[in-house]
Amino acid sequence: MSKPEEAAELVASALAALDRLEPVIRDETALFKAGKVREALGLAITKNAAAQDYTRCLETLKTNAIAIGRFQPEGLDALRDRHEAFSGLMSLNLAVVATARTVSEGLLRDLADAVGKNATPKTYRRDGIDRKPGTAPLALSKVS
């Protein structure tokens, strides 16, 4: 990068990529919080594409850090501020996604235990105390 215009263009493209990514992350977080897992998962393709664009911009910025520092293009401070705010948004998103995953796994485990109780006979030891048999694997069909 040898021109100030190139530096400004790079910063502008990073801001544009962030403009595309932030709303998707906000929507995904809100959907997971509301328990709308299927809708949230439907944003995956859009989120991945926007995240890849933003990551590419950040990598290019890092590669050209010396030129960016020298030219100090317009929007650089705004990009820093927005990136910092975005990091907080991502932390919240990751926490919400992790919680949704944990809840989903717990529900599936409980379902497998309930199905397993009805599918296997109760057994008794010599002293008459019943022991819980192992839970059989649970298979789910995604066909609607």
Side-chain angles (χ1 to χ4, degrees), residues 1 6-144:
M1 178 177 307
E6 292 173 330
E9 188 177 309
L10 182 56
V11 168
S13 66
L15 285 167
L18 199 50
D19 287 342
R20 290 186 299 276
L21 182 56
E22 278 180 325
V24 177
I25 297 297
R26 278 194 184 93
D27 291 346
E28 181 187 60
T29 303
L31 288 169
F32 272 122
K33 279 183 172 181
K36 298 179 179 180
V37 175
R38 184 171 290 175
E39 292 91 337
L41 294 175
L43 296 174
I45 293 172
T46 304
K47 180 178 104 171
N48 289 342
Q52 286 176 352
D53 288 345
Y54 186 58
T55 301
R56 264 188 299 244
C57 288
L58 291 181
E59 290 300 321
T60 306
L61 283 166
K62 286 179 187 176
T63 302
N64 294 288
I66 294 172
I68 296 290
R70 182 180 47 199
F71 294 130
Q72 290 293 308
E74 184 178 332
L76 185 59
D77 289 333
L79 179 59
R80 284 184 186 129
D81 293 343
R82 289 205 39 213
H83 179 74
E84 187 174 319
F86 179 70
S87 294
L89 177 63
M90 279 305 301
S91 293
L92 174 63
N93 177 269
L94 292 172
V96 168
V97 170
T99 300
R101 180 180 179 165
T102 301
V103 168
S104 297
E105 288 173 351
L107 289 172
L108 286 175
R109 204 172 302 111
D110 291 347
L111 178 61
D113 287 344
V115 169
K117 275 184 185 176
N118 295 330
T120 57
K122 288 186 179 182
T123 57
Y124 296 89
R125 296 189 305 199
R126 287 184 189 198
D127 57 5
I129 299 173
D130 111 293
R131 64 178 174 86
K132 181 180 177 187
T135 302
L138 176 68
L140 296 176
S141 172
K142 288 188 170 186
V143 177
S144 299

Pairs under 3.5 angstrom only: tabulate donor-acceptor contacts from the side chains of residues 68-77 to other protein residues two or more places apart or in another chain.
from, atom 1, to, atom 2, distance (Å)
Gln72, NE2, Gly69, O, 3.0
Asp77, OD1, Arg80, NH1, 3.2

Taking Thr60's backbone N and O only, do any of them form a donor-acceptor pair with Asn64's side chain (distance below 3.5 Å, no angle check)?
yes
Worked check of side chain to side chain contact (heavy atoms under 4.5 Å, CB included) between His83 and Leu61:
CA-CA 13 Å; His83 179 74; Leu61 283 166; over 6 Å; no
Show every ring-ring contact (aromatic ring centres under 6.0 Å, His included) that has at least one partner inside residues 86-110, sequence neighbours left out.
Tyr54-Phe86
Using a 3.5 Å cut-off and no angle test, enumerate the donor-acceptor pairs between side-chain atoms of residues 7-23 and protein atoms at least two apart in sequence or in another chain.
from, atom 1, to, atom 2, distance (Å)
Ser13, OG, Glu9, O, 3.4
Ser13, OG, Leu10, O, 2.8
Asp19, OD1, Arg82, NH1, 2.8
Asp19, OD1, Arg82, NH2, 2.7
Arg20, NH1, Ala16, O, 3.4
Glu22, OE1, Arg82, NH2, 2.6

Within the structure provided, determine whether Thr29 and Ile25 are in side-chain contact (heavy-atom separation under 4.5 Å).
yes
Spacing of Ser104 atom OG and Arg109 atom CZ [to the nearest 0.5 Å]
11.0 Å
The residue among Val103, Thr99, Asn93, Val37 that forms side-chain contact (heavy atoms from CB on, under 4.5 Å) with Phe32 is Val37
Would you mind listing every salt bridge (charged side-chain N to carboxylate O under 4.0 Å, His left out) that reaches into residues 90-108, with sequence neighbours excluded?
Arg101-Glu105
Could you tell me which residues satisfy side chain to side chain contact (heavy atoms under 4.5 Å, CB included) with Gln52, sequence neighbours excluded, listed by chain and number?
Arg56
Which atom pairs, donor and acceptor, lie under 3.5 Å between side-chain atoms of residues 40-50 and protein residues at least two apart or in another chain?
from, atom 1, to, atom 2, distance (Å)
Lys47, NZ, Glu28, OE1, 3.2
Lys47, NZ, Glu28, OE2, 3.1
Asn48, ND2, Ala44, O, 3.3

With rounding to the nearest 0.5 Å, note down the distance linking CG in Leu58 to CG in Asp53.
11.0 Å
